[in-house]
Protein chains: 2
Amino acid sequence: MALPREYETQACALARSLEVVGERWTLLIVRDLFFGVTRFTDLQAHLDIPRAVLTQRLARLAEAGIVQRDPYALTDAGRELWPIVHQLMQWGERHLVADGPVRLFAHATCGTELAHDGACPTCGTAPPPTDIETRPGSGTPVVVRTDPISVALRRPHRLLTPLS
Amino acid sequence: MALPREYETQACALARSLEVVGERWTLLIVRDLFFGVTRFTDLQAHLDIPRAVLTQRLARLAEAGIVQRDPYALTDAGRELWPIVHQLMQWGERHLVADGPVRLFAHATCGTELAHDGACPTCGTAPPPTDIETRPGSGTPVVVRTDPISVALRRPHRLLTPLS
DNA sequence: CCTACCGGTTCAGTCAATGAACTGATAGCG
DNA sequence: CGCTATCAGTTCATTGACTGAACCGGTAGG
C-alpha cells in the first residue's frame, strides 16, 4: 500500500513537491529555519512537536537536499521555497487573521514593506530572503508564546541570520 | 488534545493557512479545481482519494470560503491561492522532476511561457489564472494515467474553465 | 567526577487515512 | 410506470501515522 505521505498515482510536479514539504509540520520547520532557528532543541521547543516527528521530518528534508546538518540550515534549494512560505503567510494574513498583519517583512536595504507577491514596491524586484528584515505587526496573534525562541523571534532581525 | 490538523500553539499566519490548505490531498484538490474539474466523482476518480476524505476536505474548504458548491468551484479567495500552487509546481519541476517540465503554463493573451515566479516575461505582470493556458510539457511523468479526466486534462485548455 | 545540554530513540495509546461496500436522490429512457 | 445510470455522499473494519513521556549516548565545562 502507498505510504500516506506519498501521492504515487499523481503525475503532477505539485504531488512531487508535496511529498517533500507537504507533510504536517514540515513547512513550519522550514519557516523557523528562514527565521534563524538552527538547533534541534530550539525547533522542538518552539514548534511543540514530538521529537520523533521532528527527527523524521529533518531526515526527509536533508534527504531531499532542502536542509543541511551541523548546524541545521536551508540549502539553496531550500531557500527557493521562500516565495511559497511568504505567500502562504500573506494569504493567511489576508483571509484568516482578523485584525491586521501578525508579522511584517521589509526590504532591508531600502526599508520598504514587501507587497503580497514578495516584491519590494520601491525597487520593483523580489529581494532574496537574506535581504529581508522581519518584525511583529499590529495584529493580535491567537496565542502569545513566552519561550525564549519565540521572544527572540519577536525582535526585528534578518532572515537566515542564526539567532545564536 | 489538539486535533492533528491544527497548530494551536503557533501564532504565525502560516500556521493558520496550513490548517486550511495544509492537510494531505487538499492542495491537489485545489489544483484540480484550477484545472477545471468540477464534479465530486471526477475529483475522486482523478485523485484516487477515499470518498470520505474528499468529503471532509471539500467541507473544510467550503467552510473556509475557498470553494463553493453546485457546482464545486474556487471562490475569489481560493483563486488567490494560484501563485502558491503554481510556485510549488515550479519548485517541484526544478528540483524533483528529472527530464524537463511535465506541464507548461502560458499567458493565453500573448502565448508566452510563464516564468518561475508566475509572471509573463513579455507583459511583465503575473496574469490571473483565467488568462493562463496549460498543456503537457516534454518531461516524462512518473505515471501515465488513462482515466477520462487525466486524458481531458492533457488537452491544452485555460485554467478555471470547466472541462465538461 | 559530576552536571548540563544537545540530538536523538523507544514505546504504548490515540486518532486519522484507507478501501470496500452501501445509501439515497435525481435524470433519462422505453 | 419501471429500469438503469450517475452523482454525491455515508458507514465501517483495518492500517498506519501522530502524540507525549520516558529513556539513551556523546560532549563540554567546572
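We name chains A, B, ... by the order of the sequence lines, and we start the count at 1 in each one.
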Notebook entry, point to check: Can you check the B/D42 CG to D/dG9 P distance for me, whole Å?
Noted result: 13 Å
Item checked: Value in whole Å for how far the P atom of D/dG9 lies from CG of B/L43 -> 11 Å
Note to self: Side chain of A/R69, heavy atoms from C-beta onward: which of C/dT10, C/dT18, C/dG8 has the nearest atom to it?
What the structure shows: C/dG8
Check: Rounding to a whole Å, what distance do you find between B/L54:CG and D/dA8:P?
Finding: 10 Å
Next item on the list: Check whether any side-chain heavy atom of A/L88 lies under 4.5 Å from a side-chain heavy atom of B/Q87, and answer yes or no.
Entry: no
Notebook entry, point to check: Can you check the B/R60 CZ to C/dA17 C1' distance for me, whole Å?
Noted result: 16 Å
Next item on the list: Can you figure out which of C/dT18, C/dA17, C/dG7 approaches the side chain of B/R57 most closely?
Entry: C/dA17
Notebook entry, point to check: If you group Ile, Leu, Val, Met, Phe, Trp and Tyr by side-chain heavy-atom gaps below 4.5 Å, do B/L81 and A/L96 land in one group?
Noted result: yes
Margin query: Pick the closest DNA chain C nucleotide for B/R51 and for B/Q56 by heavy atoms, then say which residue is nearer the 5' end.
Written below: B/Q56
Check: Where the side chain of A/T55 is defined as all heavy atoms beyond and including C-beta, which of D/dT10, C/dG8, D/dT19 is the nearest nucleotide?
Finding: C/dG8
Next item on the list: State, to the nearest 10°, the angle formed by the axis through the first five base pairs of the helix from C/dC1-D/dG30 to C/dG30-D/dC1 and the axis through its last five.
Entry: 20°
Notebook entry, point to check: Where the side chain of B/T41 is defined as all heavy atoms beyond and including C-beta, which of D/dA8, C/dG7, C/dT18 is the nearest nucleotide?
Noted result: D/dA8
Next item on the list: Check whether A/V30 and A/F40 end up in the same hydrophobic cluster, where Ile, Leu, Val, Met, Phe, Trp and Tyr are linked by side-chain heavy atoms less than 4.5 Å apart.
Entry: yes
Checklist line | Nearest-nucleotide pick for A/A52, side chain only, options being C/dC6, C/dT10, D/dG9 | finding: C/dT10
Next item on the list: To the nearest Å, give me how far apart CG (B/D70) and P (C/dA25) are.
Entry: 16 Å
Checklist line | Given DNA chain C, 5'-ward residue of the pair B/I49 and A/L58, judged by closest heavy atom | finding: A/L58
Next item on the list: Send over the distance from A/E6 CD to C/dT18 P, rounded to a whole Å.
Entry: 12 Å
Check: According to a strict under-4.0 Å criterion, is B/R24 in side-chain N/O contact with OP1 or OP2 of C/dT18?
Finding: yes
Check: Do you see a donor-acceptor pair shorter than 3.5 Å between the side chains of B/T109 and B/D131?
Finding: no
Next item on the list: Would you indicate which nucleotide in C/dG19, C/dG8, C/dG7 comes nearest to any side-chain atom of A/R39?
Entry: C/dG7
Checklist line | Over-ring placement of B/R24 relative to A/Y7, 6.0 Å and 45° cut-offs | finding: yes
Notebook entry, point to check: Which whole-number value in Å describes the distance from B/E23 CD to D/dA17 P?
Noted result: 17 Å
Check: Whole Å only: how far is the CG atom of B/L163 from the C1' atom of D/dC7?
Finding: 16 Å
Next item on the list: For A/D76, look at atom CG and say whether over 12 heavy atoms of other residues, nucleotides or ligands are found less than 6.0 Å away.
Entry: no
Notebook entry, point to check: Under 4.0 Å between a side-chain N/O of A/W25 and OP1 or OP2 of D/dA17, yes or no?
Noted result: no
Next item on the list: Could you check which of D/dG9, C/dT18, C/dG7 has an atom nearest any side-chain atom of B/V53?
Entry: C/dT18
Item checked: Derivation of the side chain to side chain contact (heavy atoms under 4.5 Å, CB included) call for A/W82 and A/L159 -> CA-CA 10 Å; A/W82 171 248; A/L159 299 185; 3.4 Å; yes
Notebook entry, point to check: So, B/E80 and A/H116: side-chain donor and acceptor under 3.5 Å apart, yes or no?
Noted result: no
